[in-house]
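For the single chain, residues carry numbers from 1 onward in sequence order. Bear in mind the structure is a predicted one, so any value in this text is a computation, not a measurement.
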Amino acid sequence: MLSTYTYPKFEYTCPPELQGQGDGHHPVIVIGAGPVGLSMAIDLAAQGQRVLLLDNDDTVSIGSRGVCYAKRALEVLDRMGCGNPCVDKGVSWNVGRTFFREGEVFNFNLRPQEGHQRPGMVNLQQYYLEQYLVERARQLPNLELRFKNNVIGVSQDEHKATLRVETPDGAYTLTCDWLVAADGARSPVRQMLGLDIEGKIFMDRFLIADVVMAADYPAERWFWFDPPFHPNQSVLLHKQADNVWRIDFQLGWDADPEAEKKPERVIPRIKAMLGDEREFELEWVSVYTFQCRRMGQFNHNRVLFVGDAAHQVSPFGARGANSGIQDTDNLAWKLKLVIDGKAPAALLDSYSSERCYAADENIQNSTRSTDFITPKSAVSKAFRNAVLELAQDYPFARALVNSGRLSVPSWLVDSPLNTPDTDTFAGDMVPGAPMDDAPVAGGRTDWLLGHVGGQFQLLYYVDDASALDAAQAQELAALAHDTIGVQAIVVAQRGTAPAPLATLLDAQDAIRQRYDLQPGSCYLLRPDQHVAARWRNFDAAQVRAAVARATANVPATAAA
């Protein structure tokens with residue numbers, strides 16, 4: 001057990017189906033209570049959907065595991081009500097430094113632009129994140145958690161999925177309209193359905209050592225190539241909560257995983273790095289290999305795959321849990337619309353296409369990072385070392401240094417859900433872009449992203465909200481009463497819009513600049529905080545057409 005954390009024990013209760021209660025059918029079942037499965041269940045339940053979450057264990061994950069949570073994942077967690085405890089407990093950082101042998105050759109800042117609520121990254125042991133997510137899940141009355149419920153069989157037909165579940169009290173059967181598999185890289189559900197996952201396994205091994213120590217190193221990501229304390233290999237250092245430091249040592253493919261985990265092998269490596277005088281306590285050790293793979297598609301009839309069950313990448317770049325949380329952010333609103341009969345099941349095809357695109361981006365970046373960190377030939381290593389030497393003096397070489405391109409959200413600019421621009425805009429907030437944050441005044445939070453998400457919304461800009469034309473205000477407000485409602489939010493420099501419209505004041509003129517707003521400009525936002533469409537002038541018919549397109553409620557030929 002860890003010296004810095006006490007593992008919770010989640011209570012097992014006998015399922016009602018084993019007591020002759022209920023028909024065993026649920027609208028949605030999620031398998032896996034890791035960060036991704038919990039995020040999926042919470043997101044759906046927060047939208048009013050009844051959800052059953054099954055997990056084969058009765059505690060959180062053992063060891064720190066995933067530790068880096070990127071700005072976009074934190075923004076998603078904010079919307080689910082879990083962002084603050086993660087940031088408060090974790091270690092926030094924006095700067096990363098790369099060293100070659102004894103000198104620094106490259107550094108970066110994940111948040112060079114000010115005026116965003118969240119840092120570029122927060123380091124937090126995965127068990128804390130899971131604990132906070134479980135606590136949030138238990139606040140939602142329509143979300144049922146069942147621990148020590150192990151799914152041992154899955155089948156499906158055109159209308160439902162059927163599960164066989166094993167518990168300490170025996171096995172029972174469940175059915176559901178939709179099954180979300182968040183059961184990890186080995187995904188028993190994927191295997192039970194005979195589905196393939198393809199990609200590359202990298203022939204290298206890394207040692208994870210979590211150590212507890214009081215150290216005054218800055219809260220930054222430090223990566224070494226060929227350091228004197230671990231020659232010809234690489235090392236990564238991160239600070240976590242509770243003065244726990246995560247150290248990754250490259251070992252090489254020939255290393256014996258079991259032997260390398262023994263304290264008598266681990267402690268000398270750490271002392272060589274930190275010095276004999278540094279006191280520390282070894283808390284958790286693991287050896288891992290990694291792979292870059294994904295399924296051909298993520299939706300299979302009534303079963304939807306998220307996180308590591310659908311795709312896997314190497315840990316360099318912190319793209320695992322971060323991309324899994326973004327999977328659920330993309331899927332939950334679409335699945336809810338389908339369940340409610342407001343969108344066709346074809347909308348779920350866009351989940352697969354958009355997140356397959358994101359997975360390919362992650363795999364490409366992860367593969368390039370891994371190839372740079374672990375060159376496979378003498379020529380590749382000579383090139384890598386030459387880049388690192390040149391980077392100390394030449395900016396062009398610094399762009400080639402790759403110790404892990406860190407997780408960023410995908411720009412879904414080619415998504416069929418976007419309505420293409422017909423007006424001219426400057427800046428980055430194109431249809432398909434993840435929204436930029438900005439400071440605001442006049443609402444429940446001081447940040448733009450705290451006011452959007454979870455539903456379709458329209459940002460409408462005027463200089464003075466109190467001068468908004470009454471007829472236009474009525475048209476804007478009427479959008480909320482559509483079958484798929486759109487909440488209109490007035491963004492202004494001053495004034496208050498007529499009720500019931502919400503008003504956000506552009507506190508530092510950042511929204512106007514980042515979204516290139518002029519009086520009358522409007523942005524249609526998806527529930528996952530991606531831009532769906534934008535116009536220079538408000539036209540309710542155009543907004544409704546864009547919502548129809550963004551929810552697959554138009555024929556493919558009409559959307560082309």
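Listed by first then second residue, pairs satisfying salt bridge (Lys or Arg N to Asp or Glu O under 4.0 Å) with a partner in residues 406-416 number zero, not counting sequence neighbours. Judged as a ring-ring contact (aromatic ring centres under 6.0 Å, His included), the pairs with a partner in residues 500-531 (not counting sequence neighbours) are, in order, Phe425-Tyr523, Tyr515-Tyr523. Note on residues 515-525: pairs passing salt bridge (Lys or Arg N to Asp or Glu O under 4.0 Å), not counting sequence neighbours, are Asp516-Arg536. Pairs passing the salt bridge (Lys or Arg N to Asp or Glu O under 4.0 Å) check and including a residue from residues 136-145, sequence neighbours excluded, read Glu144-Arg146. Counting only residues at least two apart or in different chains, salt bridge (Lys or Arg N to Asp or Glu O under 4.0 Å) contacts with residues 469-485 comprise Asp482-Arg544.
Here the rule is salt bridge (Lys or Arg N to Asp or Glu O under 4.0 Å) with Arg534, and of Asp421, Asp423, Asp428 only Asp421 fits it. With His451 as reference, Leu504 is the one residue of Val491, Leu504, Asp446 to meet the side-chain contact (heavy atoms from CB on, under 4.5 Å) rule.
The closest side-chain heavy-atom distance from Gln125 to Val244 is below 4.5 Å. Between Tyr460 and Leu468, the closest side-chain pair of non-hydrogen atoms falls below 4.5 Å. Using a 4.5 Å heavy-atom cutoff, the side chains of Leu74 and Val122 are in contact. Residues Pro8 and Thr59 meet the side-chain proximity criterion, which asks for heavy atoms closer than 4.5 Å. Two residues are said to be in side-chain contact when any heavy atoms from C-beta on lie closer than 4.5 Å; Asp242 and Lys89 meet this criterion. With a 4.5 Å cut-off on side-chain heavy atoms, Leu110 and Val408 do not count as touching. Side-chain contact between Arg526 and Leu412 is present, with at least one heavy-atom pair separated by less than 4.5 Å. The closest side-chain heavy-atom distance from Phe538 to Leu458 is below 4.5 Å.
The backbone N or O of Gln487 lies less than 3.5 Å from no partner atom in the side chain of Gln455, so there is not a single donor-acceptor pair. In this structure, Asn94 contributes its side chain and Pro119 its backbone to no donor-acceptor pair below 3.5 Å. A donor-acceptor pair under 3.5 Å is absent between the side-chain atoms of Asp329 and the main chain of Ile325, judged by distance alone. In this structure, Asn553 contributes its side chain and Lys342 its backbone to a donor-acceptor pair below 3.5 Å. Within the 3.5 Å criterion, the main-chain N or O of Leu525 finds no donor-acceptor partner in the side chain of Gln457. The main-chain N or O of Leu448 is found under 3.5 Å from a side-chain atom of Asp437 such that the two form a donor-acceptor pair. For the pair Arg514 (side chain) and Met429 (backbone), a donor-acceptor distance under 3.5 Å is absent. The backbone N or O of Pro420 sits nowhere less than 3.5 Å from a side-chain atom of Asn418 that would complete a donor-acceptor pair. Of the possible polar contacts, one joining the Thr503 side chain to the Ala497 backbone as a donor-acceptor pair under 3.5 Å is found. No side-chain donor-acceptor contact under 3.5 Å links Gln508 to the backbone of Pro439.
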Exercise for review: Step by step, work out the side-chain contact (heavy atoms from CB on, under 4.5 Å) result for Leu348 and Phe298.
Suggested key: CA-CA 9 Å; Leu348 300 177; Phe298 299 165; over 6 Å; no
Practice item. Verify side-chain contact (heavy atoms from CB on, under 4.5 Å) between Leu145 and Phe10, making sure each step is shown before the conclusion. Key: CA-CA 10 Å; Leu145 296 163; Phe10 303 133; over 6 Å; no
Exercise for review: Apply the test side-chain contact (heavy atoms from CB on, under 4.5 Å) to residues Thr419 and Gln542: give CA-CA distance (whole Å), side-chain angles for both, the deciding distance (0.1 Å), then the verdict.
Suggested key: CA-CA 10 Å; Thr419 294; Gln542 287 184 324; over 6 Å; no
Check your understanding: Which is it for Leu124 and Tyr132 under the side-chain contact (heavy atoms from CB on, under 4.5 Å) test, yes or no, and what are the steps along the way?
Key -> CA-CA 11 Å; Leu124 181 70; Tyr132 300 148; 4.2 Å; yes
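In the model, Glu135 has no side-chain atom that pairs as donor or acceptor with a side-chain atom of Gln139 under 3.5 Å. Between the side chains of Gln240 and Tyr128, no donor-acceptor pair of N or O atoms lies under 3.5 Å. In the model, Tyr351 has no side-chain atom that pairs as donor or acceptor with a side-chain atom of Gln297 under 3.5 Å.
The structure places OG of Ser369 at 10.5 Å from CD of Gln364, a figure rounded to the nearest 0.5 Å. Atom CG of Asp308 is separated from atom OG of Ser323 by 7.0 Å, given to the nearest 0.5 angstrom. To the nearest 0.5 Å, the span separating OG on Ser403 from CH2 on Trp222 amounts to 14.0 Å. With rounding to the nearest 0.5 Å, the separation of CG in Asn362 from OG in Ser410 is 6.0 Å.
Applying the salt bridge (charged side-chain N to carboxylate O under 4.0 Å, His left out) criterion to Asp360, with sequence neighbours excluded, gives Arg294. For Asp88, there are no side-chain hydrogen bond (donor to acceptor under 3.5 Å, both in side chains) partners at least two apart in sequence or on another chain. Taking Gln312 as the reference, Gln291, Arg293 meet the side-chain hydrogen bond (donor to acceptor under 3.5 Å, both in side chains) condition, with sequence neighbours excluded. Taking Arg512 as the reference, Asp509 meet the salt bridge (charged side-chain N to carboxylate O under 4.0 Å, His left out) condition, with sequence neighbours excluded. With sequence neighbours left out, Trp93 forms a ring-ring contact (aromatic ring centres under 6.0 Å, His included) with His238.
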Side-chain donor-acceptor pairs of residues 35-52 under 3.5 Å, sequence neighbours excluded:
from  : atom 1 : to    : atom 2 : distance (Å)
Ser39 : OG     : Pro35 : O      : 2.6
Asp43 : OD1    : Gln47 : NE2    : 3.3
Asp43 : OD1    : Arg79 : NH1    : 3.2
Asp43 : OD2    : Arg79 : NH2    : 3.2
Gln47 : NE2    : Asp43 : O      : 3.4

Kindly list each side-chain donor-acceptor pair under 3.5 angstrom involving residues 331-340, sequence neighbours excluded, with atom names and distances?
from   : atom 1 : to     : atom 2 : distance (Å)
Trp333 : NE1    : Asn330 : O      : 3.3
Trp333 : NE1    : Asp528 : OD2    : 3.2
Lys334 : NZ     : Asn330 : OD1    : 2.8
Lys334 : NZ     : Ser350 : OG     : 3.0
Lys334 : NZ     : Glu354 : OE1    : 2.9
Lys336 : NZ     : Asp340 : OD1    : 3.0
Lys336 : NZ     : Asp340 : OD2    : 2.5

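Ring geometry for Tyr5 against Tyr7 counts as perpendicular: the plane angle is over 60°, on a 0 to 90° scale with 30° as the lower cut. Using bins of under 30°, 30° to 60° and over 60° for the plane-to-plane angle, the ring pair Trp245/Tyr217 lands in the perpendicular bin.
One finds a salt bridge joining Asp78 and Arg118 here, because a Lys/Arg side-chain nitrogen approaches an Asp/Glu carboxylate oxygen to under 4.0 Å.
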